[in-house]
There are 2 protein chains.
Amino acid sequence: MTTVPDEEMFEQPCPIRDVLDRIGNQWSLLILEALAPGTLRFNALMREIGDISKQMLSRTLKQLEQDGFITRTLYPEVPPRVEYTLTPLGRSFLEPMQQLVVWADTHHGAIVAARTRYQALQE
Amino acid sequence: MTTVPDEEMFEQPCPIRDVLDRIGNQWSLLILEALAPGTLRFNALMREIGDISKQMLSRTLKQLEQDGFITRTLYPEVPPRVEYTLTPLGRSFLEPMQQLVVWADTHHGAIVAARTRYQALQE
DNA sequence: ATCTCACGGTCTACATGTTAGACCAAGTTT
DNA sequence: AAACTTGGTCTAACATGTAGACCGTGAGAT
């Protein structure tokens, strides 16, 4: 399973997989959402998200910067000020993501209901 | 950080968070996508996805079933046959998800370019 | 003048999540 | 009768995520 059988060598960058692996995780999505209203500083982001560790915030921000979703601006003051802002690419991603958020909001009730139903069947 | 300051007690099920925590991960998204064309059996799903472990597939499927995205049908034959199918809820999720896939496909080039640019700035 | 806090991180030890692979029971193929 | 198939579960190794200490500088409180 580490080595893919020769028959299906789709290890060549499948764009969907590549992108989904990056943004398809709680933190990236949440950070992007937090940045949607506007620029935020590191600690402000942390407060906004609430339960992310510094390390994961730092690491995920670095990834998002690498992939061109956000820019990182360091103002060499003291104490240091670092601002994170969505790039046009990042902002363009907000649209499909909003669809997702709307879907989540709309169908949340159905999901909770499904869970309850499932629970009931378990006894 | 374990205990949220009293001021911002949004521990009440934020629907977006709740839903995103579940489907906001590689495997859920990938399984849902694999199931989009139609019903699949356990091992077929594993082959389709390619690099998921049995345990994670099993666990994620159980979650998706709980949340009402898919149904699990066991045919008591031997060897056992188990089929996974999207529910209407699951199918309705495909739409915002497709938007995301289209976005990924469209902007993949830009992301790769951003990575290259970032790499170049590092030396 | 010293004590403490804020800033944006990094580092380390621990906790949790994920993986590969053995194992299961029973029927079908070799 | 030995081996393979099915859909999983279990375990031990490994990868990832967490909390919390720590850093240096400057400002405000004592």
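The analysis underlying the following values was restricted to heavy atoms, covering all of them including side chains, and did not include hydrogens, waters or symmetry mates. Order of the sequence lines fixes the chain letters, A, B, ..., with proteins taken first and strands second; residue numbering starts at 1 for each chain. None of the values given here were measured: they were computed from a predicted structure.
Distance CE (A:M46) to P (D:dA19): 10 Å, rounded to an integer number of Å. Regarding B:Y75, its OH atom lies at a distance of 19 Å from the C1' atom of D:dT5, rounded to whole Å. One interatomic measurement links the two molecules: CD of A:E83 to P of C:dG9, which rounds to 12 Å at whole-angstrom precision. As a whole-Å value, the separation of A:I49 CD1 from D:dG17 P is 14 Å. If you measure from atom NZ of B:K54 to atom P of C:dC24, you get 14 Å, rounded to the nearest angstrom. Taking atom CG of A:N43 as the reference point, atom P of C:dC5 lies 15 Å away to the nearest angstrom. As a whole-Å value, the separation of A:Q63 CD from D:dT16 C1' is 12 Å. Atom pair A:N25:CG and D:dA15:C1' shows a separation of 15 Å (rounding to whole Å applied).
In this structure, B:L74 and A:P80 both approach DNA chain D, and ranking their closest nucleotides by distance from the 5' end singles out B:L74. Remark on DNA chain D: of its neighbouring residues A:V78 and A:M56, the 5'-side contact belongs to A:M56, judged by nearest-heavy-atom nucleotide.
Phosphate contact (OP1/OP2 of C:dC7, side-chain N/O of A:R41, threshold under 4.0 Å): absent. OP1 or OP2 of C:dT10 sits under 4.0 Å from a side-chain N or O of A:K62. At C:dC7, one or more side-chain N or O atoms of A:R47 fall inside 4.0 Å of OP1 or OP2 (strictly under the cut-off). Taking side-chain N and O atoms only, A:R81 has no distance below 4.0 Å to OP1 or OP2 of C:dG9. Not one side-chain nitrogen or oxygen of A:W27 sits closer than 4.0 Å to the OP1 or OP2 atom of D:dT16. For the pair B:S58 and D:dT9, the criterion of a side-chain N or O lying under 4.0 Å from OP1 or OP2 is met.
Considering all non-hydrogen atoms of both residues, B:I49 and A:R17 come closest at O-NH1, 3.6 Å.
Side chain A:Q55 to base D:dT16: no donor-acceptor pair is found below 3.5 Å.
Using cut-offs of 30° and 60° on the angle between ring planes, the pair A:F69 and B:W103 is tilted.
Candidate nucleotides C:dG8, D:dA19, D:dG7 were compared by shortest atom distance to the side chain of A:S53, and D:dA19 ranks first.
A donor-acceptor pair is defined here as one N or O able to donate and one able to accept, closer than 3.5 Å; such a pair exists between the side chain of B:N25 and the backbone of B:W27.
Residue A:I70 forms a side chain to side chain contact (heavy atoms under 4.5 Å, CB included) with just one option from A:L89, A:L40, A:L32, A:T85, and that option is A:L32.
Counting non-hydrogen atoms under 4.0 angstrom, B:Y84 reaches the backbone sugars and phosphates but no base.
Residues B:L61 and B:R72 fail the side-chain proximity criterion, which asks for heavy atoms closer than 4.5 Å.
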